[in-house]
Amino acid sequence: MIAMLLAALAAVQSHPTLDSATVTHVLSELKTTDPTICRLAGQALTNYGGLWGWGGWNYSEPGMPMPRPMPTPMPMPGGWGGGGIHVEWHEHSADIDPGALRAFRAFVRDDNRCVRGIAARVLGNHGGSGEYDLFISLLRDARAELRETGALGLGEMEDTRAINPLSNALRSDDSASVRMTAAWALGQIEDKVAIDALARALTDRSPDVRRTAAWALGEIEDARGVQPLRAAVGDQDLDVRLAAVWALGEIEDAGAVPLLLTATKDKEPRVRQAAAWALGEIESVQGVAALEPLVRDPVLNVRKTALWALGEIEESSGVDPVVVGLRDSDPEVRVLAAWALGEIEDASAVTPLVGALKDNDIEVRATAAWALGEIESPRARDGLVAAQSDEAGSVRRAATWALRQLDDDDDSSIRVRPRVRVKAP
């Protein structure tokens with residue numbers, strides 16, 4: 001099995017331009033191999049030419065390409081860049097030899113689902129507008145497995161002409177796999193016209209379809225998708241609830257806050273964590289009250305995400321909840337609390353942050369010094385002067401930088417970078 005994968009990789013990598021013989025050889029070999037090996041080899045093959053940036057896509061399960069949300073705050077001067085889930089979408093191009101495209105086309109009706117999927121994805125991205133009729137004909141085929149392939153190809157093409165046919169498939173196809181893939185394809189196209197069809201799909205009898213429809217509404221990022229997601233937030237299926245909460249965060253509309261308040265009380269900690277993330281993405285002051293109980297949540301990642309979200313919202317009403325985090329038993333929580341107070345930049349946080357300059361954790365002390373520099377209150381001066389004698393160099397540098405902010409003499413050569421990381425659940 002491994003030899004098969006290595007052979008496929010070697011075949012692809014040894015050809016600067018894919019030719020029909022290579023495509024035919026590799027796909028013929030993959031037809032008889034283990035589905036997992038086919039998927040991995042297919043990923044290597046379709047990565048050719050920059051096709052897929054989302055390495056987490058499961059080629060055998062095209063209906064759930066939903067990233068799990070989780071921020072990674074980067075709080076310090078000079079920055080490390082943004083945090084979170086980054087999805088690099090593929091770009092359409094025409095860099096595959098016409099003969100290779102014909103070879104892929106020969107496999108688009110193959111009995112092997114993985115091989116069909118590989119062919120459909122390549123043709124959807126590199127075959128040009130002429131492939132639209134091919135995929136439409138597949139979507140209307142009597143066999144469900146080919147209708148699924150047609151929906152997959154249409155999603156890869158991202159052609160708005162496909163919205164009505166895909167919406168019809170989502171509404172009436174008797175195969176849950178076809179409906180799920182149609183929902184995914186509508187999410188790929190990202191057109192507001194599909195919102196009503198996706199909203200109806202949130203009541204589908206299949207949780208896979210409901211989950212994918214919720215994801216697709218998040219991809220479209222239109223406020224009209226908020227209210228339809230209400231039922232999905234309370235769905236019995238965990239993955240549907242997670243997808244719905246993620247979608248609300250992607251839409252970033254304040255109207256979602258009441259729905260997310262419900263999610264912050266979910267029995268499953270991953271839903272509570274995702275709700276905190278979504279509230280941070282929306283950045284509405286209404287989210288502060290919803291986040292306040294989560295800074296005391298028994299689950300570590302929930303507390304950390306709630307503090308990150310309060311820092312993102314940057315409202316003075318969030319100071320008191322965040323200060324609770326400075327007393328947490330976990331040093332990573334205390335670091336995030338200090339970071340959040342620096343983001344909020346309210347002078348009422350000076351006293352607790354000065355106290356945090358004496359924390360037993362170096363990163364907490366350094367982040368507290370940075371936060372005081374962000375707030376720029378003269379009341380922090382004595383504490384920061386004392387911190388210049390800290391045993392840790394990172395704390396001393398942060399204190400020196402902060403004091404210069406108080407004096408309006410920013411020295412950009414000072415860089416303090418505490419290691420703030422929040423892992424995905």
Side-chain angles (χ1 to χ4, degrees), residues 64 66-73 83-85 202 207 210-223 225-315 317-318 320-322 324-325 328 330 332-333 336-337 339-340 343-344 422-425:
M64 191 51 196
M66 189 190 77
R68 292 297 187 211
M70 192 58 253
T72 303
I85 300 293
L202 292 175
R210 300 196 302 273
R211 181 181 69 222
T212 312
W215 168 83
L217 287 170
E219 287 296 290
I220 295 172
E221 297 183 4
D222 187 271
V226 170
Q227 287 308 311
L229 288 164
R230 176 183 296 274
V233 170
D235 197 281
Q236 293 183 348
D237 186 90
L238 170 60
D239 285 333
V240 175
R241 299 201 304 276
L242 283 169
V245 171
W246 175 85
L248 291 172
E250 288 293 290
I251 294 171
E252 296 185 14
D253 185 82
V257 173
L259 305 185
L260 292 169
L261 176 60
T262 299
T264 63
K265 302 172 184 177
D266 196 280
K267 63 182 179 181
E268 168 57 50
R270 282 177 289 172
V271 177
R272 300 197 301 273
Q273 181 187 8
W277 168 84
L279 289 166
E281 289 290 290
I282 295 170
E283 298 183 11
S284 169
V285 64
Q286 302 172 47
V288 173
L291 289 163
E292 185 168 359
L294 297 186
V295 301
R296 296 181 174 87
D297 195 276
V299 177
L300 176 64
N301 277 343
V302 177
R303 300 199 302 276
K304 289 159 70 173
T305 311
L307 289 166
W308 168 83
L310 288 165
E312 290 293 292
I313 294 173
E314 298 182 4
E315 285 289 337
S317 59
D320 288 345
V322 172
V324 172
D328 197 277
D330 188 280
E332 291 186 5
V333 173
L336 269 167
W339 168 83
E343 291 293 292
I344 296 171
V422 182
K423 298 180 181 178

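Given the structure is predicted, the values throughout are model-derived calculations rather than measurements. For reference, positions follow the sequence shown, starting with 1. Atom set for the values below is all heavy atoms of this structure, side chains included, hydrogens, waters and symmetry mates excluded.
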4.5 Å side-chain heavy-atom contact, [X] and [Y]:
X	Y	result
Val233	Leu248	yes
Arg303	Val295	no
Asp239	Leu242	yes

**Prompt:** What is the distance from atom CG of Leu336 to atom NZ of Lys304, rounded to the nearest 0.5 Å?
**Reply:**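 Here the interatomic distance stands at 7.0 Å.
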Indicate the atoms forming the closest heavy-atom contact of [X] with [Y], along with that distance.
X	Y	result
Val299	Pro269	CG2-CB, 3.7 Å
Gly218	Trp246	CA-CZ3, 4.1 Å
Gly255	Pro258	O-CD, 3.4 Å
Ala256	Ile282	CB-CD1, 4.0 Å
Gly325	Leu307	CA-CD1, 4.3 Å
Leu310	Pro321	CD1-CB, 4.0 Å

Residues that [X] engages under side chain to side chain contact (heavy atoms under 4.5 Å, CB included), provided they are two or more places apart:
X	answer
Leu202	Ala213, Ala214, Leu217, Pro228, Leu229, Ala232
Ala309	Leu291
Ile220	Lys192, Ala194, Ile195, Leu198, Asp222

**Prompt:** What pairs of residues pass the salt bridge (charged side-chain N to carboxylate O under 4.0 Å, His left out) test when at least one of them lies in residues 244-264, not counting sequence neighbours?
**Reply:**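 The answer is none; no pair qualifies.
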**Pairs touching residues 277-298 that satisfy salt bridge (charged side-chain N to carboxylate O under 4.0 Å, His left out), sequence neighbours left out** =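 Qualifying pairs: Arg272-Asp297.
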**Request:** Just jot down the side chain to side chain donor-acceptor pair (under 3.5 Å) partners of Glu268, sequence neighbours excluded, or say none.
**Result:**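 Side chain to side chain donor-acceptor pair (under 3.5 Å) list for Glu268, sorted by chain: Arg270.
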**Fill in**
Partner of Val245 under side chain to side chain contact (heavy atoms under 4.5 Å, CB included), picked from Thr262, Asp266, Leu260, Thr264, is Leu260
**Ionic contact status for Asp235 with Arg210, cut-off 4.0 Å** =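 Salt bridge between Arg210 and Asp235, a charged N being under 4.0 Å from a carboxylate O: yes.
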